[in-house]
Number of protein chains: 2
Amino acid sequence: MKNPIADLNKVFDSRIRLGVMSMLVVNDEISFNDLKQMLELTDGNLASHLNTLEQSEFIKVHKGFIGRKTSTTYSITDLGKQAFKAHLDALEKMIKKL
Amino acid sequence: MKNPIADLNKVFDSRIRLGVMSMLVVNDEISFNDLKQMLELTDGNLASHLNTLEQSEFIKVHKGFIGRKTSTTYSITDLGKQAFKAHLDALEKMIKKL
DNA sequence: AAAAGTACTTTGTTTTTCAAAGTTAAATAA
DNA sequence: TTATTTAACTTTGAAAAACAAAGTACTTTT
């Protein structure tokens, strides 16, 4: 028998980062504001979790405009997709016995 | 759209408690020692996570003997099964879009 | 009798999480 | 034009969670 939790990715232990990733897997781009509203977070809290994901190079930030209004959006990277998939696979393996 | 992480259970945010539950779903009883070895934890760390699960009434403890040697085992409760299943359902719903 | 195993509890540190307030810059309203 | 609002942060500090290490009590093996 081997340790069932060893293959889980520490970065995705957080429900918030898990939520961000699950949203970015199905949406090419999501704005800071949309993430904030969907996940019901304070600015600071969201910003710091996004920062963790960025440091891991699992997401990318795009500073742009909607009309002439600034708009920051985020997207998942290839590395992010891989890591997230690996995490879900590990999760599934852990609980598949059901 | 609704908050995708709202239905996740806080108790199962922890990888360790997730691991314990996933083991107890498929095994009627597991000893303290087996959990410790499988999950590669120190005594104190495991004990405190088991305590959290016990407080939530998701697991039950059984103090018994193997021969004349003490042996503490743990099992999942009905409430625990329910809660764990609900958590997995929420997780699945969150990532099903894949 | 000494050493080792089981199942903890206690203590204290480190890490993580989070809210609140402050910041900068642009946009809109008065 | 001044004031207010919105977006997207950063900083600060507090609270909570995780964790290792050491201590405890009891038993068993050597």
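Sequence lines set the chain letters: A, B, ... in the order given, protein chains first and strands last, and positions in each chain run from 1. This is a predicted model, so every value here is computed, not measured.
Of the side-chain N and O atoms in Lys63(A), none sit less than 4.0 angstrom from OP1 or OP2 of dA7(D). Neither OP1 nor OP2 of dT17(C) sits under 4.0 Å from any side-chain N or O of Arg15(A). The side chain of Thr72(A) contributes an N or O atom lying less than 4.0 Å from OP1 or OP2 of dC9(D). Not one side-chain nitrogen or oxygen of His49(A) sits closer than 4.0 Å to the OP1 or OP2 atom of dT16(C). Checking the phosphate oxygens (OP1, OP2) of dA8(D), no side-chain nitrogen or oxygen of Tyr74(A) falls inside 4.0 Å.
Look at CG on Asn51(A): it is 15 Å from P on dC18(C), rounded to the nearest Å. The interatomic distance linking Ile5(A) (CD1) with dC19(D) (C1') rounds to 13 Å, in whole Å. Counting to the nearest Å, the C1' atom of dA8(D) and the CD atom of Gln37(A) are 13 Å from each other. Between His62(A) atom NE2 and dC9(D) atom C1' there is a gap of 17 Å when expressed in whole angstrom units. Look at CG on Leu46(A): it is 16 Å from P on dA20(C), rounded to the nearest Å. Here the C1' atom of nucleotide dT16(C) and the CD atom of Gln55(A) are 15 Å apart, to the nearest Å. We find that CD1 of Ile16(B) is positioned 13 Å from P of dT16(C), with the value rounded to whole Å. As a whole-Å value, the separation of Leu39(A) CG from dA8(D) C1' is 16 Å.
At distances below 3.5 Å, at least one donor-acceptor pair connects side-chain atoms of Thr77(A) with backbone N or O atoms of Glu57(A). Although no hydrogens or angles enter the test, the distance criterion places no donor-acceptor pair under 3.5 Å between the side chain of His49(B) and the main chain of Ile16(B). Listed for the Asn9(A) side chain is a donor-acceptor partner under 3.5 Å among the backbone atoms of Val11(A).
Side-chain atoms of Phe32(B) lie closest to dA7(C) of the nucleotides dC9(D), dT17(C), dA7(C). Checking dA7(C), dA8(D), dC19(D) against every side-chain atom of Asn33(A), the shortest atom distance belongs to dA8(D).
Test Leu79(B), Thr52(B), Leu53(B) against Ile59(B) for side-chain contact (heavy atoms from CB on, under 4.5 Å) and you get one pass: Leu53(B).
Salt-bridge check for Asp89(B) with Lys93(B): failed, with every basic side-chain N at 4.0 Å or more from each acidic carboxylate O. By the 4.0 Å N-to-carboxylate-O rule, Asp78(A) lies too far from Lys60(A) to be salt-bridged with it.
Taking the centre of each ring, Phe12(B) and Phe58(B) come in below the 6.0 Å mark.
Pairs passing the salt bridge (Lys or Arg N to Asp or Glu O under 4.0 Å) check and including a residue from residues 35-44 of chain A, sequence neighbours excluded, read Lys36(A)-Asp43(A).
With the nearest nucleotide of DNA chain C identified for both Ala47(B) and Lys36(B), Lys36(B) has the one nearer the 5' end.
No engagement by Ser48(B) is indicated, since no non-hydrogen atom pair under 4.0 Å with the nucleic acid exists. When heavy atoms are screened at a 4.0 angstrom cut-off, Ser31(A) is found touching no nucleic acid atom at all.
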All N/O contacts under 3.5 Å from nucleotides 20-22 of chain D to the protein, with atom names and distances to one decimal?
| residue | atom | partner | partner atom | Å |
| --- | --- | --- | --- | --- |
| dA20(D) | OP2 | Thr42(B) | OG1 | 3.0 |

